[in-house]
Amino acid sequence: MQIPDPALVVLVGASGSGKSTWAARHHRDVEVVSSDALRAVVGSGPSDLDASDDAFRLLDQIVEGRVRRGLTVVVDTLGLDPERRAGWAELARQHGFATVAVVLDTPAAVCRARNSARDRPVPAPVLGAQLQRMREVRAELDAEGWDVRAVATDAPEPVTSTTPAAEPAPGSGPRVLLQVSRFPWDDDPLAWLRDVARAADEAGFAGLALMDHLIQIPQVGRAWDPIPEPWVTLGALAALGTDLELGTLCTPATFRSPGIIAKAAATLDVLTGGRAFCGLGAGWWGREHAAYALDFPPTAQRLDDLEVAAETVRALWAPGTKAYAGDRVDLPETTCYPRPAGPLPLVIGGGGEQRTLRIAARWGDACNVQGDLETVRRKTAVLRKHCDDVGRPHDEVAVTVLDIAVVGDDRDDAWTRVERLRGRAKAADFAARHHAGDVVAHRERHDRLLEEGVGTIFLALPDLGGADDVERIAGLARR
Ligand code: GDP
Ligand code: MG
């Protein structure tokens, strides 16, 4: 059983059963609230029983504060008091938390031996009573409605206090392309780009996608941060001789005439030997249009324009030069040389269910959406309906996901990054939206996306600094 996040985790076990060790292994220090530690804060030490009342008052307050903020909390007490458990569980359920009881099923003899090895052992009859209670507690927990996870800690292997960085198991998974949206190059932009691209190629990322904006968007950085023109930049990346697929995610149809988009993408495709793709979206940010003297019509019109752009690039990428007369587009000829070197994937960006997904079904090779598993599932179903309507096989239009992920070296590092990046967002919300976790956790999540039929993920790091970060997350690349 995976421990959900956030969760209220209550440890249940006799003294010496390994509760504190388990907590330190699986959770961040700040997530664990321990009655022993609080006895030492308000009293003379961890076994100062006179300080118990004060310690538990503090403990309850800490549990309440964390749960209210949506933050995981691990309660490290004996866990044998049903009234205390009921109080914590009630609070957790009010806040939509998963409630998990971790039962330390360590053999009594092991607990006794560990207890007597301690500086201040629990008196033998007290430990005996705890072990007696352990026989009843499993049934109580089942009746109280906890998700129960049992662990025994009589394992002979030495215990370390942190989880060793698990090497991700090799194996198949979704293709992962790096989406680059921030460009913190110092004085050598080309060197920065080259290093990032080479690191991505070496790590085994399938490709590199560039955001297409005229001003850096507030979700990513500040307006005066550099945001290069992507087709020019992709041209430079094409010269590196990597195996990376290269394209935009996404080019707004409002920025350039559709024919010019078709021309740029076809050119990139021949320069890369057929490794280009073209993301196309409706555009959404008024400010950059105003600043660059571009029209920014209302949404319905922009979606019409997106559909025109999609149909136009399709017409210009098709073989031959004959006239084109289609749904919304009429061209006297389709003379576009160089032709793309191969099929040039058109990725329609956005999950708008009425129009955008329909445009993707009609003209796209893929539609790119954002969101959790449930969202992906729903969008996939809607896309398939549109495919049925327009008469295209489901497998001709892929669902890809833009995954903006906080990837830490371990869970603690991931949360440090959350704290640095979250701005005014609630830490728990930010962490959930960006799936804050280590490489292994993200791989598992990507595997679940693959199970939903997502074969391609565009992965963006909100704190991408340069090539080092690409190397750091190499475990997420699977080519
Ligand atoms: P608690 O009283 O339930 O919090 O127990 P602790 O976590 O303090 O563990 C008691 C002792 O058992 C410590 O010396 C730990 O190092 C040891 N211990 C805990 N878990 C394990 C385990 O999984 N394997 C082994 N070999 N020793 C463990
Ligand atoms: Mg302990």
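Just so you know, these numbers come straight off a predicted model, no measurement behind them. Order of appearance sets the numbers: ligands from 1, and atoms from 1 within every ligand. Because only heavy atoms are used, hydrogens play no part in the values below, and waters and symmetry mates are left out as well, while side chains stay in.
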Quiz item: Is Arg28 paired with Asp412 through a side-chain N to carboxylate O contact shorter than 4.0 Å?
Solution: yes
Quiz item: With a 3.5 Å cut-off and no angle check, do the side chains of Trp231 and Thr251 form a donor-acceptor pair?
Solution: yes
Quiz item: Is there a heavy atom in Gly13 that sits closer than 4.0 Å to ligand 1?
Solution: no
Practice problem: Could you list which atoms of ligand 1 come closer than 4.0 Å to a heavy atom of Ala14? | Solution: 3 (O)
Quiz prompt | Heavy-atom pair with the smallest gap, counting every atom of Thr106 and Cys111 | solution = O-SG, 3.8 Å
Exercise. Taking atom types as modelled, find out whether His446 and Asp403 have a side-chain donor-acceptor pair closer than 3.5 angstrom.
Key: yes
Exercise. Could you name all protein N, O or S atoms found under 2.8 Å from the Mg ion (ligand 2)?
Key: Ser20 OG
Quiz prompt | Polar proximity ligand 1 side, Ser20 side, N/O cut 3.5 Å exclusive | solution = yes
Exercise. Please indicate whether any nitrogen or oxygen in Lys19 is less than 3.5 Å from any nitrogen or oxygen in ligand 1.
Key: yes
Quiz item: Are Trp88 and Thr77 close enough, and set up right, to give a side-chain contact (heavy atoms from CB on, under 4.5 Å), and what steps lead you there?
Solution: CA-CA 12 Å; Trp88 299 323; Thr77 66; 3.9 Å; yes
Self-check item: N or O pair under 3.5 Å between Arg114 and ligand 1
Solution: yes
Quiz item: Listed by chain and number, what are the salt bridge (charged side-chain N to carboxylate O under 4.0 Å, His left out) partners of Asp54, not counting sequence neighbours?
Solution: Arg57
Quiz item: Got more than 12 heavy atoms from elsewhere within 6.0 Å of CZ, Arg377?
Solution: yes
Quiz item: Is the closest basic N to carboxylate O distance between Glu451 and Arg448 below 4.0 Å?
Solution: no
Quiz item: Based purely on interatomic distance, does Arg118 place a nitrogen or oxygen under 3.5 Å from a nitrogen or oxygen of ligand 1?
Solution: yes
Practice problem: Find all atoms of ligand 1 within a distance of less than 4.0 Å from any non-hydrogen atom belonging to Thr21, and give their numbers and elements. | Solution: 6 (P), 7 (O), 9 (O), 15 (C), 19 (C), 20 (N)
Quiz item: If we only count heavy atoms from C-beta on, is the Glu31 to Arg411 side-chain gap below 4.5 Å?
Solution: yes
Quiz prompt | Min heavy-atom dist Cys111 to ligand 1 below 4.0 Å | solution = no
